[in-house]
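To keep things clear, I will list the structure first and then write my remarks on it.
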2 protein chains.
Amino acid sequence: MIHHDITDYLEALFNIQRGEQRKLASELGLQQIHLQILYYLERCNRYSDSLLVLTEFLGQTKGTVSTSVALLVKKGYLIKQPDPVDKRKSHLQLTPTGKDAAARQSALWQAGQTLLGESQSEQVRQALDILLRQLQQANGHKVFGACHSCQHLCCNEDGHHCGLTNEALSSAELQQICVYHQEFCND
Amino acid sequence: MIHHDITDYLEALFNIQRGEQRKLASELGLQQIHLQILYYLERCNRYSDSLLVLTEFLGQTKGTVSTSVALLVKKGYLIKQPDPVDKRKSHLQLTPTGKDAAARQSALWQAGQTLLGESQSEQVRQALDILLRQLQQANGHKVFGACHSCQHLCCNEDGHHCGLTNEALSSAELQQICVYHQEFCND
DNA sequence: ATAATTAAGTTTCGATTCGAAACTATAATA
DNA sequence: TATTATAGTTTCGAATCGAAACTTAATTAT
């Protein structure tokens, strides 16, 4: 048996992911960056659905993202909901069309999800967890995690809330990407 | 402990990979697509270093890829080596500058590679192998694997050769991406 | 052998991405 | 009230992107 690095598998999975994303984008008449925007907006929470946070997530300039978002609005994939308090801000919200496109992206992984037995699945989870945390530290860059791995998360008998904003968090919100996310530091 | 899907980890790893690639591209004054081209050319074999195969790998049109390749040639990342037999073809070869950029992309994974113990690594490899094969079948798209997982690979006491082209393959070549790659079918 | 077809790659076109920088409007601070 | 910071848009030039026409070389059919 010829030796495979784990990274070989990850690279192969990346190539599939990229290929499928491009295929879907082409089918919808969009660019890949548009699907990445829809992916992010499907997963982020109410603190993180602004243009500037999206800009930070994508690693592009705000002018570029502003243009791409404007096109997605024009094509009916999302709408800009003005913030009731801060008149400068808008909340980017997926339309049903946008949610459908985002869901089709996720569908790729659903197939693989049920294929691994639970015990084996657990080992992969543990290994990927180590790999992920090390890469996060090694690269020292913003990670955009969800509440469940955030040091601001507080749990008590009533449920969960964010220690930074002091607002209650539903269990659904614990899974969402947050701009305030702060990984635990193991040093 | 809140449950994490394996796909959550893979998505997080993808986001890191994408962010790092964009960061490197920005530093070099390139676009991400250029790094993807350099990545591919660093890994593909002598049957697969043409513009059309690259086009198939990237999932773009040949006009688009032709333009991007021309820019990479102009910037000194690669050269076009005319095929001695077929005058229509060119072999895309990385210059030292191109190899350096490709190597810097791979460096991201080197850090994670040594962190996982060998035994754990083996289990993760097996699970990812299952995941990869299932996703390949589920999506039924061209996968661009290397010789070691190709049904054309023949092994004997003298070494390896390709059953399709009948040419000998060095052990280094067994690791390279090939356009003729045909996955074993388990049905 | 010549003609028709296929294959490899380039060029052109219009729409869009991309980064940089200037700009507008609102909010926060001094 | 004046200054500064924040959120986002607009403008500009270069490059990507897909589609389609085009060039040249190889292959196939007649």
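Just so we're on the same page: letters track the sequence lines, and every chain starts at 1.
Going from atom CG of A:Leu92 over to atom CG of A:Leu78 covers 6.0 Å, rounded to the nearest 0.5 Å. With rounding to the nearest 0.5 Å, the separation of CZ in A:Arg18 from CZ in B:Phe14 is 10.5 Å.
Residue contacts shown for A:Ser26 are absent, as no nucleic acid heavy atom lies under 4.0 Å away. Within the nucleic acid shown, A:Lys62 comes within 4.0 Å of at least one base atom, counting heavy atoms only. Residue A:Val69 is out of contact with every strand shown, counting any heavy-atom pair closer than 4.0 Å. The residue B:Ser90 sits close only to the backbone: its heavy atoms come under 4.0 Å of sugar-phosphate atoms, none of a base.
A straight line from CG of A:Leu52 to P of D:dA5 spans 16 Å, rounded to a whole angstrom. Across the protein-nucleic acid pair, A:Gln81 atom CD and D:dA7 atom C1' stand 17 Å apart, rounded to whole Å. Regarding B:Leu54, its CG atom lies at a distance of 11 Å from the P atom of C:dT10, rounded to whole Å. Separating the CZ atom of A:Arg22 from the C1' atom of D:dG18 is a distance of 11 Å, rounded to the nearest angstrom. The NZ-P distance, from B:Lys74 to C:dT11, rounds to 13 Å in whole Å.
Between the side chain of B:Ser66 and the base of C:dG9, no donor-acceptor pair of N or O atoms lies under 3.5 Å. With hydrogens and angles ignored, a donor-acceptor pair under 3.5 angstrom links the side chain of A:Arg88 to the base of D:dT6.
When distances are taken from the side chain of B:Lys89 to each of D:dG8, C:dC18, C:dA8, the shortest belongs to C:dA8.
Between A:Asp86 and A:Lys75, the one whose closest nucleotide on DNA chain C sits nearer the 5' end is A:Lys75. A residue-by-residue look at A:His91 and B:Val85 shows that A:His91 has its nearest nucleotide of DNA chain D further toward the 5' end.
Put simply, the residue from B:Gln81, B:Lys89, B:His91 that forms a side chain to side chain donor-acceptor pair (under 3.5 Å) with B:Asp49 is B:His91.
A:Lys80 has a side-chain polar atom (N or O) that falls below the 4.0 Å cut-off from OP1 or OP2 of D:dT9. The phosphate of C:dT17 (OP1 or OP2) has no side-chain N or O of A:Gln31 nearer than 4.0 angstrom. Residue B:Thr64 places at least one side-chain N or O under 4.0 Å from the OP1 or OP2 atom of D:dG18. For C:dT16, neither phosphate oxygen OP1 nor OP2 lies less than 4.0 angstrom from any side-chain nitrogen or oxygen of A:His34. Side-chain N/O atoms of B:Thr61 include none lying less than 4.0 angstrom from OP1 or OP2 on D:dC17.
If you check the side chains of B:Thr97 and B:Asp100, you find no donor sitting under 3.5 Å from an acceptor.
Side-chain N or O atoms of B:Asn156 include one that pairs as donor or acceptor with a backbone N or O of B:Gly159 at under 3.5 Å.
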